[in-house]
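As C-alpha cells, the structure follows; a few thoughts come after it.
In listed order, ligands and their atoms are each counted from 1. Below, all heavy atoms of this structure are taken into account, side chains as well, without hydrogens, waters or symmetry copies. Just so it is clear, the structure is predicted and the values come from calculations on it, not from any experiment.
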Amino acid sequence: REESCSKIEDAIQNIDFKGNFADCNMYGNGHINDTFVVRYTQEDGSILRYILQRINHEVFKDPVGLMENVAGVTEFLRNKILENNGNADGETINLIKTKDGKNFYQDSIESYWRGYRFIEDAACYDKVEKPDDFYQSALAFGHFQNQLSDYPAETLHETIKDFHNTPDRFMRFKKALEEDILGRAKNIQEEIRFVLDREQDTHILMDLYKKGEMPLRVTHNDTKLNNIMIDNKTGKAICVIDLDTVMSGFAVNDFGDSIRFGASTGAEDEKDLSKVNFDLGLYELYTKGFLEGCNGSLTDVELDMLPVGAKIMTLECGIRFLTDYLQGDTYFKIHREGHNLDRCRTQFKLVSDMEKQWDAMYEIVNKYR
Ligand code: ATP
Ligand code: MG
Ligand code: MG
C-alpha cells in the first residue's frame, strides 16, 4: 500500500488545491481506495482541507471512464444546486481538477489520483445506531435520485459490466451449476431449487426496460449508510459521497439494495437464520425517506416496482453467493468453510420473508407515493 502511494507528492503538486501545503495524513474508514486528508494554509491564516484519493484500479478496471462518470455527475449536481439556491457549498461532493484542467492525475506508475473539497462539520457512520440514521440515508439517496432525474444516464460508462443484470447473473448461476466443479451441488439442493423456482422473477425489471416502461437512471450502486455525510450539528444528511460505482441502471435497484442490507435484523453471514428477519418497520422508514427525497421524480411503474427491487436485489445477491460457492469461492473472500453458503442462506431467508409480507410491502409504497 505504501509503495503504491509513493507518488503522493506528485499528486499533491498536480491537483489544483488552493493555498500553501501544510500536511497530509491518511483518513477515514474506506475499504476500497486510499484516502488522505491534505491541509492548506490560506492567506488569512485559516486552514482549508481537501480529500485526496488514490483510486483502487485493481477493483476499478476503467479508472478513466469512472472519473468521467464522477466528473459528469458532480458537475451536474453542483449546477443544479446553484440553480436552486445559489450556494454550492457542502451540499454535494465537489471534484478539484488538476492544474491542467483534468479530472484526475495519473502518475508515472499508473496510479490515478483525485481531489475533493472536504465536507466540514459532518461525518460518515459505519453502523446504523438509531433508526433515524437509516431514514437520513433514505432521504439522501432519494434526493440524489431526484437531483439527477434529468441527467442523460445513457452517457455514463458501464464501469462494471452487467453489474445488476439479474437475468445474466441467473445464467451464470446455471452454468456454474452444470459445471459443478467441486461436486458441491448435491448437498445444496434446497438452495438450488430456491433459485430455479424464481427464474421468472429475475426477468421482471429487464423485461419492463425492454418494453420501454422502466427508465434508465443514474444509480449509485453502493447505497450504504457510510456513503452519506451527516451534519454534526443537526444530525441530518448533507449529501451522498463515494461515486465510484455510479452507472446507469434502475432506481428501484438502488432502493432495493438499501433494503436488502438495511432492513435485515441479522448480519449478512449469520448462521442462525432465526436471527435473520426482514424488518417491515425499517422497510417502511426507508421507503418514506426515499420517496420524500425523490419528491415525485419516480414514474408510476418505478413506484409499483419498489418492492420488486427489494426482492430482486436480495435474490440476486444470494444467487451471487451461491454461484461463488459452486465455483469454489473465488470471488467473495471467505473466512470459514461454507461462508458463501451461509451468506446465500441469509439472503434467501430475507426473500422468503418478503414474499410472506408482499402485500404489506405494496401498501407501504402506496401510503407514501
Ligand atoms: P468504501 O469502502 O465505502 O467503498 P472508499 O474507499 O470508496 O470507501 P470513500 O467512501 O470515497 O472511500 O471515502 C472514504 C472516507 O473518506 C469516507 O467514509 C469519509 O469519511 C471520507 N470522505 C470522503 N470524501 C469526503 C469529503 N468530500 N469530505 C469529507 N470526508 C470525505
Ligand atoms: Mg465509501
Ligand atoms: Mg467506495
NZ or CZ of R198 within 45° of F194 ring axis and under 6.0 Å: yes

So which atom in I241 and which in C124 form the shortest heavy-atom distance, rounded to 0.1 Å? CD1-SG, 3.8 Å

Check whether NZ of the Lys or CZ of the Arg R343 lies under 6.0 Å from the centre of the six-membered ring of F321 and within 45 degrees of that ring's axis. yes

Do Q347 and T314 meet the criterion of a side-chain donor-acceptor pair at a distance under 3.5 Å? no

Residue and atom names of protein N/O/S atoms that fall under 2.8 Å from the Mg ion (ligand 3): D242 OD1, D242 OD2

Donor-acceptor pair between N94 and R78 side chains, under 3.5 angstrom: yes

Would you call N20 and Q42 a side-chain contact if the rule is heavy atoms closer than 4.5 Å? no

Report the distance from atom OH of Y116 to atom CG of L95, rounding to the nearest 0.5 Å. 5.5 Å

Within 45° cone and under 6.0 Å: R184 NZ/CZ vs Y325 ring: yes

Interatomic distance, M67 atom CE to K102 atom NZ [nearest 0.5 angstrom]: 13.0 Å

For ligand 1, list all ligand N or O to protein N or O distances below 3.5 Å, rounded to 0.1 Å.
| from | atom 1 | to | atom 2 | distance (Å) |
| --- | --- | --- | --- | --- |
| ligand 1 | 2 (O) | H31 | N | 2.7 |
| ligand 1 | 3 (O) | K224 | NZ | 3.0 |
| ligand 1 | 3 (O) | N227 | OD1 | 3.4 |
| ligand 1 | 3 (O) | D242 | OD2 | 3.0 |
| ligand 1 | 4 (O) | D242 | OD2 | 3.0 |
| ligand 1 | 6 (O) | I32 | N | 3.0 |
| ligand 1 | 6 (O) | N33 | N | 2.8 |
| ligand 1 | 7 (O) | N33 | ND2 | 3.0 |
| ligand 1 | 7 (O) | D242 | OD1 | 3.3 |
| ligand 1 | 7 (O) | D242 | OD2 | 3.0 |
| ligand 1 | 8 (O) | D242 | OD2 | 3.4 |
| ligand 1 | 10 (O) | N227 | OD1 | 3.4 |
| ligand 1 | 10 (O) | D242 | OD2 | 3.0 |
| ligand 1 | 11 (O) | Q53 | NE2 | 2.9 |
| ligand 1 | 12 (O) | Q53 | NE2 | 3.4 |
| ligand 1 | 13 (O) | Q53 | NE2 | 3.3 |
| ligand 1 | 27 (N) | R117 | O | 3.0 |
| ligand 1 | 28 (N) | I119 | N | 2.8 |

